[in-house]
Amino acid sequence: QVQLVESGGGLVQAGGSLRLVCAASSRSISNSVVGWFRQAPGKKREFVAAIRWRERSTNYADSVKGRFIISRDNDEKTTYLQMNSLKPEDTAVYYCARQYCSGNGCHESSESHYDAWGQGTQVTVSS
């Protein structure tokens, strides 16, 4: 089973940028999805963005569209979340996750369909 490790979190001012990195212990299977989720204190974990590994097609939560960009590297082990125009409401622990799926069997925004998770990285956005 793949192991995932997030990095790149930190403290930034509103309007600033961060790039989160999800490093996998093994190369991704082509029929897979890597997603980013976040959880703020007192809130349920919510979907942020996802990318289908082979197609590089992407999916974003409405709250981050136009501000965040998810991408993957050619090393087939690394996924990025570029976070721009950050807002205080983006403050959360950010997690990356993987699900093995294809076509209509993929549920990119559903936490329960992911079977591997990282430990999370803290993102704090100040006013």
Side-chain angles (χ1 to χ4, degrees):
Q1 295 181 344
V2 65
Q3 297 183 24
L4 306 174
V5 178
E6 304 94 334
S7 62
L11 174 63
V12 298
Q13 295 284 337
S17 297
L18 285 173
R19 188 180 72 168
L20 304 185
V21 182
C22 176
S25 61
S26 61
R27 296 173 63 182
S28 295
I29 298 172
S30 60
N31 292 332
S32 64
V33 172
V34 175
W36 286 93
F37 292 76
R38 65 188 182 187
Q39 186 168 24
K43 302 290 184 65
K44 294 182 177 180
R45 189 154 54 186
E46 65 177 2
F47 171 74
V48 176
I51 184 167
R52 296 197 176 206
W53 199 257
R54 182 199 296 172
E55 300 93 337
R56 299 180 189 252
S57 59
T58 57
N59 185 15
Y60 296 94
D62 288 342
S63 60
V64 305
K65 286 180 179 177
R67 299 190 297 123
F68 291 8
I69 301 171
I70 187 171
S71 62
R72 70 170 180 88
D73 209 345
N74 291 330
D75 65 5
E76 301 186 354
K77 292 184 177 181
T78 308
T79 306
Y80 303 97
L81 184 68
Q82 179 66 44
M83 309 166 65
N84 301 314
S85 301
L86 284 163
K87 305 174 181 180
E89 51 262 45
D90 295 318
T91 295
V93 177
Y94 283 71
Y95 300 87
C96 68
R98 178 189 289 183
Q99 68 174 273
Y100 179 59
C101 61
S102 62
N104 293 337
C106 297
H107 302 273
E108 297 172 12
S109 63
S110 176
E111 176 182 349
S112 64
H113 285 80
Y114 289 83
D115 56 13
W117 291 83
Q119 84 291 343
T121 185
Q122 177 71 48
V123 172
T124 303
V125 184
S126 62
S127 300

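- At a threshold of 4.5 Å between side-chain heavy atoms, the hydrophobic network of Ile, Leu, Val, Met, Phe, Trp and Tyr places L81 and L4 in two separate groups.
- In this structure, the separation between CD1 on I69 and OG1 on T58 is 9.5 Å, given to the nearest 0.5 Å.
- Judged by distance alone, with hydrogens and angles left aside, the side-chain atoms of E108 form no donor-acceptor pair with the main-chain N or O of V33 at under 3.5 Å.
- Within the 3.5 Å criterion, the main-chain N or O of S85 finds a donor-acceptor partner in the side chain of R67.
- We find the NE2-OG distance between H107 and S112 to be 8.5 Å, quoted to the nearest 0.5 Å.
- When every heavy atom of V34 is checked against every heavy atom of I70, the shortest pair comes out as O-CD1, 3.7 Å.
- In terms of heavy-atom proximity, P88 sits nearest to A14 at CD-CB, 4.1 Å.
- When every heavy atom of S26 is checked against every heavy atom of V2, the shortest pair comes out as OG-CG2, 3.8 Å.
- Residue V21 belongs to a hydrophobic cluster whose other members are Y80, with links defined by side-chain heavy atoms closer than 4.5 Å.
- Here the closest heavy-atom approach between residue Y100 and residue N31 is recorded as CD1-O, 2.8 Å.
- Taking 4.5 Å as the limit, every side-chain heavy atom of L20 sits out of range of all side-chain heavy atoms of R38.
- Here CD of E6 is found 5.5 Å from SG of C22. Values are rounded to the nearest 0.5 Å.
- Residue I51 comes nearest to S71 through the heavy atom pair CD1-CA, 3.9 Å, listed as atom of the first residue, atom of the second, then distance.
- The side chain to side chain donor-acceptor pair (under 3.5 Å) search around H113 returns S110, not counting sequence neighbours.
- Scored by the salt bridge (Lys or Arg N to Asp or Glu O under 4.0 Å) test, R72 finds no partners at all (sequence neighbours excluded).
- Residues C101 and Q99 come closest through the heavy atom pair SG-OE1, 3.3 Å.
- Under the salt bridge (charged side-chain N to carboxylate O under 4.0 Å, His left out) criterion, the residue pairs touching residues 111-121 are R45-E111, with sequence neighbours excluded.
- For T121 (side chain) and G9 (main-chain N/O), a donor-acceptor pair under 3.5 Å exists by modelled atom type.
- The backbone N or O of S25 sits nowhere less than 3.5 Å from a side-chain atom of Q3 that would complete a donor-acceptor pair.
- Atoms NZ and CG, on K65 and N59 in that order, are 7.0 Å from each other to the nearest 0.5 Å.
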Check your understanding: Where do W53 and T79 land on the side chain to side chain contact (heavy atoms under 4.5 Å, CB included) test, with the steps shown first?
Key -> CA-CA 9 Å; W53 199 257; T79 306; 3.1 Å; yes
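- Atom CG of D90 sits about 7.0 Å away from atom OG of S63, to the nearest 0.5 Å.
- When the ring-ring contact (aromatic ring centres under 6.0 Å, His included) test is applied to F37, the partners found at least two apart in sequence or on another chain are F47, Y114, W117.
- Looking at Q82, its side chain never comes within 3.5 Å of a backbone N or O of R19 through a donor-acceptor pair.
- Residues passing the side chain to side chain contact (heavy atoms under 4.5 Å, CB included) test with V93 are Y95, Q122, sequence neighbours excluded.
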